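Below you'll find the structure, written out as structure tokens, and then a few comments.
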Amino acid sequence: RSSEHIRIVEVGPRDGLQNEKQSISLATKMQLIERLARTGLETIEAGSFVSPKWVPQMANSSEILQHILQSPPPSKIPITYQFLLPNIKGLDNFMTTYDSFNNSKSAEDSYPTPPNTPPAENTSSQDPNASSISPEQTPKIELSLFTAATESFTQKNTNCSIAESLKRFEPIMSRAKSLALPVRAYISVALGCPYEGPDTDPHRVAELAVSLLEMGADEISVGDTTGMGTAPKTAALLKVLKEAGVETKDLALHFHDTYGMALVNTVVALEHGVRTFDASVSGLGGCPYSPGATGNVATEDLVHLVNSLGASTGVDLEELSKVGEWISGELGRRNDANAGKAVLAR
Ligand code: HMG
Ligand code: MG
């Protein structure tokens, strides 16, 4: 698979930070996002519009969205920023910020610039060395919805049944379509559930994936929330998904590394044709409703794996490793990226 491109969705600023007990300042979150944007990552999940009572750490996601829209982090390539939301209330909160930005932008656009006006200052970053943002580098925004493959997890995570969660998505999906915002949909606990055990029914996952695609989802991220996935279970799930008609181009896999199996499972998924993977820098994270689950697979380790197979991610591993070391220091936690630590020790 030489020179084949593997797309990484960096979920550190959302999945990675949502479970941190200490409060993390907006400045630190924005610094993390800006640093990640410089590494060559093409998709970054930046926040979530969930209930602040349920997940206090994500409470300032409106400010993050506003910041990204007004002052897009400098990057060499256009970046897609994803925001997670569970219900119409989350969409309304998202829209308040999204609309106010677009309205102020169209008001600006509708006034012709008076002659002899000096060119606008580049306000895109505090960094004076940052290159200016060309129109094609305007950030792209995507929405992420989430449900799960077991009833118990869905209840604990979103206080509703699986069927109710799908019902909640219908109006969100149609509003997203009318705004031309792409939608990703997560299916959690696809390879094991903290409440129902390690044997999630792969047919249930496939059925949900098909429903979500039919409803209009542009991509399905299949989540091994608990890290209970193994190589045989991953292969079996991918076989069932294929039989159900789910194409690998519509799939992302989202591995947590609780049992150290994430990279093994990634290789299995690569062999089955999957080309999009979620990861978090330095292995940040854990799910608040999945007790004991550790972070996502470290992005540094995923990049190293892909490089070792002769494929590419477009990510500068050394730069990314520095970001992982920095954010681990900021949070006072262990850097869980093996490749990241090794690269920095060279
Ligand atoms: P609920 O308590 O049933 O909500 O929670 P409700 O509709 O009854 O409303 C109760 C109050 O919450 C009301 O306010 C609502 O306005 C407010 P009050 O009248 O009491 O003042 N509310 C909201 N506020 C802000 N944003 C909202 C929102 N919705 C209602 N969107 C709810 C239901 C879904 C809101 C709640 O269960 C929730 O927020 N859950 C999210 C949990 C979460 O974020 N989990 C982590 C993300 S999933 C994950 O990490 C897995 C993943 O990484 C993949 C993998 O690893 O598998 C994606
Ligand atoms: Mg997750």
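Both counts, for ligands and for their atoms, begin at 1 and track the order of listing. No hydrogens, no waters, no symmetry mates; every other heavy atom, side chains included, goes into these values. Everything numeric here is computed off the predicted structure, so don't read it as measured data.
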Exercise for review: Run the numbers on Ser75 and Arg38 for side chain to side chain contact (heavy atoms under 4.5 Å, CB included), then give the verdict.
Suggested key: CA-CA 5 Å; Ser75 62; Arg38 288 169 191 265; over 6 Å; no

**Study point:** Step-by-step side chain to side chain contact (heavy atoms under 4.5 Å, CB included) determination, Thr80 to Glu42
**Key:** CA-CA 6 Å; Thr80 299; Glu42 58 198 295; over 6 Å; no

Point to revise | Asn296: which of Thr225, Asp257, Asp15 passes side chain to side chain donor-acceptor pair (under 3.5 Å) | key: Asp15

Review point. Going through the checks in order, is the salt bridge (charged side-chain N to carboxylate O under 4.0 Å, His left out) test met by Arg204 and Glu207?
Key: CA-CA 5 Å; Arg204 189 76 185 100; Glu207 206 176 86; 2.6 Å; yes

Review point. Considering only heavy atoms of Pro52, which atoms of ligand 1 have at least one such atom less than 4.0 Å away?
Key: 24 (N), 25 (C)

Check your understanding: Salt-bridged, Glu325 to Lys322, with N to O below 4.0 Å?
Key -> no

Check your understanding: Per the side chain to side chain donor-acceptor pair (under 3.5 Å) rule, which among Asn87, Asn159, Thr147 passes with Ser165?
Key -> Thr147

Point to revise | Arg333 side chain near Glu20 side chain, heavy-atom distance below 4.5 Å | key: yes

Review point. Of the choices Phe49, Phe94, Trp54, which has the non-hydrogen atom that lies closest to atom 5 (O) of ligand 1?
Key: Trp54

Review point. Hey, is Asn87 touching ligand 1 through its side chain, its backbone, both or neither, going by heavy atoms under 4.0 Å?
Key: side chain

**Study point:** Validation row: Ser282, Asp336 side chains within 4.5 angstrom (heavy atoms)
**Key:** no

Check your understanding: How wide is the angle at the Mg ion (ligand 2) between OD2 of Asp15 and NE2 of His256, to the nearest 10°?
Key -> 100°

Revision key, fill the gap. Note: ligand 1 atoms sitting under 4.0 Å from heavy atoms of Asp15 are 50 (O), 53 (O)

Practice item. Would you indicate which of Ala185, Ser188, Ser61, Ala59 comes nearest to atom 51 (C) of ligand 1 when only heavy atoms are counted? Key: Ser188

Exercise for review: Taking only heavy atoms of Asn93 into account, list the atoms of ligand 1 that are under 4.0 Å away from them.
Suggested key: 25 (C), 26 (N)

Check your understanding: Side chain, backbone, both or neither: which part of Lys156 comes within less than 4.0 Å of ligand 1 when only heavy atoms are counted?
Key -> neither

Check your understanding: Any idea which atoms of ligand 1 are less than 4.0 Å away from a heavy-atom of Arg168?
Key -> 34 (C)

Review point. Got a salt bridge between Lys239 and Glu243, using NZ or NE/NH1/NH2 to carboxylate O under 4.0 Å?
Key: yes

Check your understanding: For ligand 1, which atoms, with element, lie under 4.0 Å from some heavy atom of Pro86?
Key -> 31 (N), 34 (C)

Check your understanding: Does the side chain of Leu17 reach to within under 4.5 Å of the side chain of Met58, using non-hydrogen atoms?
Key -> yes

Exercise for review: Closest by any non-hydrogen atom to atom 3 (O) of ligand 1: pick that one out of Asn159, Leu191, Leu91.
Suggested key: Asn159

Practice item. Pick one of side chain, backbone, both or neither for how Met58 approaches ligand 1, counting any non-hydrogen atom pair under 4.0 Å. Key: neither

Review point. Got a sec, which pairs hit salt bridge (Lys or Arg N to Asp or Glu O under 4.0 Å) with one end in residues 212-237, sequence neighbours left out?
Key: Arg7-Glu219, Lys177-Asp218, Arg184-Glu219

Review point. Does the side chain of His254 come within less than 4.5 Å of Val11's, by heavy atoms?
Key: yes

Check your understanding: So is there a nitrogen or oxygen of His254 less than 3.5 Å from a nitrogen or oxygen in ligand 1?
Key -> yes

Practice item. State the atoms of ligand 1, each with its element, that fall below the 4.0 Å cut-off from a heavy-atom position in His256. Key: 56 (O)

Revision key, fill the gap. So for Arg14 against ligand 1, with non-hydrogen atoms under 4.0 Å, the contacting part is side chain

Review point. For ligand 1, is any non-hydrogen atom under 4.0 Å from Val55's backbone (N, CA, C, O), its side chain (CB onward), both, or neither?
Key: side chain

Point to revise | ligand 1 versus Leu84: contacting region, heavy-atom distance under 4.0 Å | key: side chain

Review point. Which of the numbered atoms in ligand 1 are below 4.0 angstrom from a heavy atom of Thr158?
Key: 33 (C), 34 (C), 37 (O)

Revision key, fill the gap. Among Asp224, Ile187, Val50, Asn157, closest by heavy atom to atom 42 (C) of ligand 1 is Asn157

